[in-house]
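First comes the structure, then the notes that go with it.
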Amino acid sequence: MFNKVNDHINNLNDRFNSSRIGKFFALEERSSKITTELRAATATFLTMAYILAVNPRILADSGGTCIPPDGDIFSKEYEMCMEEIKRQYITATAIGSMVGCLLMGLLGNLPIALAPGMGINAYFTYTVVGWRGTGIVSYEAALTAILIEGAIFLVLALTGVRFALAKLIPEPIRLATAPGIGAFLAHLGFQTTEGLGIVVSDIATAVTLGACPPDKRTPIVAYDDACAQAGVCVTSDAYTCDVLGGRMTSATTWLGIVGLLLMVTMLAYKKSSGIIVGILFVTFVSWFRNTAVTYFPDTPEGDARFDYFRQVVAVEPMDMILAKYSNNLQHAGVALFTFLYVDFMDTTGTLLGLISHLGFMNENGDFPRSRASFSADAIATMVGSVFGLSPVTSYIESAAGVEAGGRTGLTAVFVAFYFALSVFFAPIFASIPPWATGGALIMVGALMCRGLTKIKWERVDHAVTAFVTIMLMPLTYSIAYGIIGGFFCWIALQIIFQSLALVGIKRPHTNGFTDETAAASVHPIDTHQKTAEVHGYPSECSNRELSTA
């Protein structure tokens with residue numbers, strides 16, 4: 001019976017690969033098939049589905065279009081308005097992500113999913129607009145700045161300037177980007193909001209071992225003047241286990257660890273569905289109430305989650321956040337510039353890191369449909385602003401789908417389909433607990449560190465630049481800051497070396513490298529064939545495909 005099922009699946013794959021759609025996505029050229037792409041899309045979506053719960057909460061903290069009565073941002077009316085905006089943002093996040101994934105799949109033919117970027121959404125809320133609208137830039141002006149930023153990026157992408165700038169990234173930074181992203185992913189997976197909760201905040205050392213149960217968590221607040229004098233203290237997801245103890249006693253942490261071990265074991269036995277099975281197993285166990293690992297505890301918050309989960313199907317309106325632009329951009333200049341460089345560095349780092357991991361990069365640092373891929377990202381940001389979203393960007397969680405076998409844009413199209421479903425089944429997808437996906441982030445992060453072997457560790461300037469790039473990404477919670485730090489380190493070292501060379505002090509030879517050859521490594525030097533061989537992939541970065549870029 002199973003042989004017949006396999007025969008039917010193989011026939012389906014063969015017919016689809018030879019169809020117009022299969023040829024459009026170059027399934028045969030990239031040694032893939034529709035069932036593999038669907039499996040990869042499922043892994044990617046389940047790994048990033050937390051965005052449907054996390055992003056609405058972060059963006060709703062800005063207050064959106066809510067107007068506090070008599071300026072009281074703590075009034076019941078204002079709280080109810082923020083809750084309504086949060087639910088509208090679930091629909092908006094799903095639609096914005098769906099459009100972004102479709103654009104990347106159809107235009108770029110890459111297995112990379114897009115969604116509102118983590119980190120930059122927090123910058124939008126807590127720095128630009130301000131918590132509950134207490135910033136100097138209005139909510140409407142901030143969205144207008146995002147629309148303008150997307151338009152600027154689209155021009156840069158269409159003219160090739162954006163990728164030309166990306167190609168100037170020095171070799172050690174480019175090679176360190178994928179491992180840095182892997183470290184960032186693992187960092188997310190170890191934390192509470194997106195992962196297992198093993199790493200938590202610490203008053204003295206910034207971070208420490210955690211995994212304490214909710215009743216042992218002490219929230220950490222921003223002790224600014226407003227908190228000290230008026231008692232208005234801004235809380236966050238950060239907490240410490242130092243005060244009440246209980247380290248490594250959280251049942252949800254241990255359930256997440258079991259899920260991680262299940263994923264790794266299945267992959268070790270060549271079962272590529274391990275990521276999906278692990279996430280689904282942990283999620284299913286966490287949906288039972290009155291257990292130590294439930295996602296619906298007997299608390300007001302848990303009851304609210306369960307009531308929303310029981311709806312199964314719910315479509316929220318978007319009248320409070322749809323196309324809320326403004327022509328008053330006072331004080332928005334700095335925000336626009338910050339959106340520009342953070343989005344550029346994050347997207348460039350994520351795209352090039354994943355493309356290198358896929359083995360699609362050629363010797364010139366280019367990849368198939370590069371211009372279309374960057375354009376898709378820019379258009380997605382513009383469309384996202386219509387729905388009140390912070391910049392929509394390529395997601396590092398796409399690495400989960402890549403590890404599951406995703407090779408073409410069909411993966412992104414399937415992810416778009418899942419996001420389309422989540423518009424209607426938001427209560428289900430918003431109920432995937434973070435400890436179900438944390439293990440996947442840690443495992444994928446580990447796999448992305450395989451590229452560390454390509455870094456020229458025998459050269460001190462390469463080693464230090466790569467190390468700074470990798471370490472800053474998780475420690476600053478930003479891919480952009482990691483790349484910026486690497487650039488600063490590399491440029492400073494090259495200036496010092498060249499200055500010393502002018503006065504006759506040259507560096508000794510290091511495996512054939514001299515000061516004369518050092519400048520050449522400013523440009524990407526990577527062989528696509530070697531990258532492909534490392535990951536067991538065929539070389540498909542042909543001249544025909546590059547001509548479509």
Side-chain angles (χ1 to χ4, degrees), residues 51 54-55 58 114-128 145-146 149 153 162 165-166 168-191 193-195 199 201 205-207 222 236-238 334-354 356-357 374 377 381 390-399 441 445 448-449 451-452 455 461-494 522:
I51 195 66
V54 177
N55 190 62
I58 292 176
L114 282 75
M118 289 295 294
I120 199 168
N121 56 2
Y123 172 77
F124 172 88
T125 293
Y126 302 114
T127 303
V128 179
I146 292 172
E149 177 247 327
F153 269 155
R162 186 174 183 178
L165 294 174
L168 296 177
I169 298 176
E171 180 188 4
I173 298 176
R174 181 173 51 79
L175 294 177
T177 297
I181 291 174
F184 186 21
L185 275 173
H187 187 52
L188 293 175
F190 279 117
Q191 294 183 71
T193 304
E194 292 94 11
V199 175
S201 300
T205 60
V207 293
S236 66
D237 292 322
V334 175
L336 174 59
F337 175 77
T338 305
F339 284 138
L340 274 169
Y341 90 79
V342 172
D343 195 15
F344 175 81
M345 299 305 288
D346 273 351
T347 300
T348 301
T350 301
L351 266 180
L352 295 188
L354 290 174
S356 176
H357 191 63
F374 283 112
D377 186 273
T381 291
S390 55
V392 176
T393 185
S394 303
Y395 250 59
I396 54 179
E397 283 83 351
S398 302
L441 295 178
M448 290 191 71
C449 289
L452 289 171
I455 297 172
D461 53 342
H462 280 239
V464 173
T465 300
F467 184 75
V468 168
T469 302
I470 293 169
M471 293 302 296
L472 282 180
M473 287 188 187
L475 294 181
T476 64
Y477 212 80
S478 170
I479 297 172
Y481 291 151
I483 295 176
I484 292 170
F487 260 111
F488 177 82
C489 183
W490 177 260
I491 293 173
L493 288 174
Q494 300 313 309
V522 171

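The residue from Thr393, Asn55, Thr381 that alone fulfils the side chain to side chain contact (heavy atoms under 4.5 Å, CB included) condition with Pro116 is Asn55. Of the residues Ser398, Ser394, Ser356, the one that meets the side chain to side chain contact (heavy atoms under 4.5 Å, CB included) test with Leu351 is Ser394.
From Leu188, atom CG reaches atom CG of Leu441 across 6.0 Å, with rounding to the nearest 0.5 Å. In this structure, CG on Leu354 lies 5.5 Å from CD1 on Ile181, to the nearest 0.5 angstrom. If you take CG on Leu472 and CZ on Phe467, they are separated by 9.5 Å, rounding to the nearest 0.5 Å. The CH2 atom of Trp490 sits 3.5 Å away from the NE2 atom of His462 when rounded to the nearest 0.5 Å. The distance from the CD1 atom of Ile58 to the CZ atom of Phe124 is 12.0 Å, given to the nearest 0.5 Å. Atom OG1 in Thr476 sits 9.0 Å away from atom NE2 in His187 (nearest 0.5 Å).
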> Does the pair Phe488 and Val468 meet the rule for a side chain to side chain contact (heavy atoms under 4.5 Å, CB included), with working shown?
Replying inline: CA-CA 10 Å; Phe488 177 82; Val468 168; over 6 Å; no

>> side chain to side chain contact (heavy atoms under 4.5 Å, CB included) for Thr348 and Phe374? Distances and angles first, verdict last.
In response: CA-CA 8 Å; Thr348 301; Phe374 283 112; 4.2 Å; yes

> Run the side chain to side chain contact (heavy atoms under 4.5 Å, CB included) check on Tyr395 and Ile51 step by step: do they pass?
Replying inline: CA-CA 11 Å; Tyr395 250 59; Ile51 195 66; 2.9 Å; yes

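Among residues two or more places apart in sequence or in another chain, the side-chain hydrogen bond (donor to acceptor under 3.5 Å, both in side chains) test is passed with Thr350 by none.
For the residue pair Val392 and Leu114, the shortest heavy atom distance occurs at CG1-CB, 3.9 Å. For the pair Val464 and Cys489, the tightest heavy-atom approach, listed with the atom from each and the gap, is CG1-SG, 3.6 Å. Ala466 and Ile455 make their closest contact through CB-CD1, 3.7 Å (heavy atoms, listed as atom of the first residue, atom of the second, distance). Taking all atoms of both residues into account, the shortest heavy-atom contact from Met473 to Gly180 is SD-C, 3.4 Å. The shortest heavy-atom contact between Ala399 and Leu185 is CB-CD1, 4.4 Å. Minimum interatomic distance between Thr465 and Gly486 (heavy atoms only, all atoms of both residues): CG2-O, 3.4 Å.
Residues Met448 and Pro179 have side chains not in contact (no heavy-atom distance under 4.5 Å, counting atoms from C-beta outward).
For CZ of Phe487, the number of neighbouring non-hydrogen atoms (other residues, nucleotides, ligands) closer than 6.0 Å is greater than 12.
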